[in-house]
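Here's the structure we're looking at; comments come further down.
None of these values were measured; they are calculated from a predicted model.
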Amino acid sequence: MSIVVNGVPSAPPADARVSLLDHLRETLHLTGTKKGCNQGACGACTVLVDGERILSCLALAVQYDGRAVTTIEGLADGDALHPLQAAFIEHDGFQCGYCTPGQICSAIGMAAEAKRGVPSHVTADLSGAVALTREEVQERMSGNLCRCGAHNGIIEAIRRTVAAEVAA
């Protein structure tokens with residue numbers, strides 16, 4: 001049994017009750033993924049599993065045996081930031097930075113959903129890939145909270161990178 005985290009196989013925790021969030025932070029020492037509410041309401045713990053965004057505080061680590069988990073640490077290519085990470089810096093998409101890892105992982109998963117045509121509550125055209133308008137991005141990112149007021153920078157960073165890739 002192993003969970004592949006950021007391309008590296010790791011043993012799942014011996015205790016089947018350990019959340020994926022706690023496994024990442026406490027066992028693997030990947031502290032980029034944040035523990036916010038620990039109830040699935042804030043999105044700070046969002047990671048990607050096989051490219052899909054999930055709330056790691058609500059997931060048991062043992063459920064992800066054989067799956068590929070990507071955390072904020074796994075998005076960069078060596079010293080080169082992922083384009084969305086660089087856009088967060090360029091567009092002031094963070095202040096305290098606490099929500100930033102979850103926001104970035106969620107946005108990457110959100111863009112993949114839109115590209116596949118997965119609709120949101122505000123999607124008007126259900127016939128194919130979804131145009132990630134400002135309203136669409138805001139709706140799809142509503143599960144990721146920012147408490148310090150960087151919302152406009154976050155939306156702009158997303159629209160200039162991953163949302164633009166969907167449109168291309």
Side-chain angles (χ1 to χ4, degrees), residues 1-89 92-116 118 120-121 137-151 153-155 157-158 161-163:
M1 289 182 66
S2 75
I3 303 168
V4 179
V5 180
N6 300 329
V8 178
S10 68
D15 185 346
R17 299 170 295 174
V18 173
S19 71
L20 181 57
L21 172 62
D22 288 339
H23 181 59
L24 294 170
R25 290 182 59 79
E26 306 301 327
T27 306
L28 302 179
H29 306 290
L30 296 171
T31 57
T33 304
K34 303 302 184 211
K35 185 179 280 193
C37 67
N38 210 28
Q39 298 175 356
C42 73
C45 68
T46 304
V47 297
L48 300 167
V49 175
D50 298 331
E52 300 283 326
R53 56 186 171 161
I54 68 153
L55 300 169
S56 62
C57 72
L58 297 180
L60 296 174
V62 296
Q63 292 175 283
Y64 296 93
D65 178 36
R67 310 272 304 271
V69 176
T70 304
T71 67
I72 192 72
E73 292 93 344
L75 293 177
D77 184 11
D79 289 336
L81 294 177
H82 183 280
L84 185 54
Q85 290 172 311
F88 262 65
I89 294 167
D92 291 326
F94 61 92
Q95 285 182 18
C96 78
Y98 198 83
C99 73
T100 303
Q103 296 273 3
I104 290 172
C105 287
S106 187
I108 291 168
M110 178 239 2
E113 293 164 6
K115 195 169 200 171
R116 290 193 319 270
V118 177
S120 78
H121 178 71
V137 170
Q138 288 174 312
E139 171 65 23
R140 290 172 181 269
M141 293 297 294
S142 65
N144 290 80
L145 304 179
C146 172
R147 301 208 188 280
C148 57
H151 179 78
I154 291 167
I155 299 302
I158 292 167
T161 55
V162 295

[X] side, atom [atom1]; [Y] side, atom [atom2] - distance, nearest 0.5 Å:
X: M110; Y: Q103; atom1: CE; atom2: CD; answer: 10.0 Å
X: C96; Y: R147; atom1: SG; atom2: CZ; answer: 10.5 Å
X: L20; Y: L60; atom1: CG; atom2: CG; answer: 9.0 Å
X: T100; Y: F88; atom1: OG1; atom2: CZ; answer: 6.0 Å

So, for [X] and [Y], which heavy atoms are closest and what is the spacing to 0.1 Å?
X: E139; Y: S120; answer: CG-OG, 3.7 Å
X: L84; Y: A157; answer: CD1-O, 3.6 Å
X: S106; Y: R53; answer: OG-NH1, 2.7 Å
X: P13; Y: V18; answer: CG-CB, 3.8 Å
X: S10; Y: H23; answer: OG-NE2, 4.0 Å
X: P83; Y: T161; answer: O-CG2, 3.7 Å

Side chain S56, main chain C45, donor-acceptor under 3.5 Å: yes
Backbone N/O of C99 and side chain of N144: donor-acceptor pair under 3.5 Å: no
Using the side chain to side chain contact (heavy atoms under 4.5 Å, CB included) rule, take N6 and T70 through it: C-alpha gap first, then chi angles, then the decisive distance, then the call. CA-CA 5 Å; N6 300 329; T70 304; 3.9 Å; yes
In chain order, what residues pass the side-chain contact (heavy atoms from CB on, under 4.5 Å) check against R67, with sequence neighbours excluded? V49, D50, Y64
With the side chain counted from C-beta on, respond yes when [X] and [Y] share a heavy-atom pair under 4.5 Å apart, and no when they do not.
X: I72; Y: L75; value: yes
X: T46; Y: L55; value: yes
X: I154; Y: F94; value: no

Could you pull out every donor-acceptor pair under 3.5 Å between side chains of residues 27-41 and any protein atom, sequence neighbours left out?
unit_1 : atom_1 : unit_2 : atom_2 : d
K34    : NZ     : T31    : O      : 2.8
K35    : NZ     : D22    : OD1    : 2.8

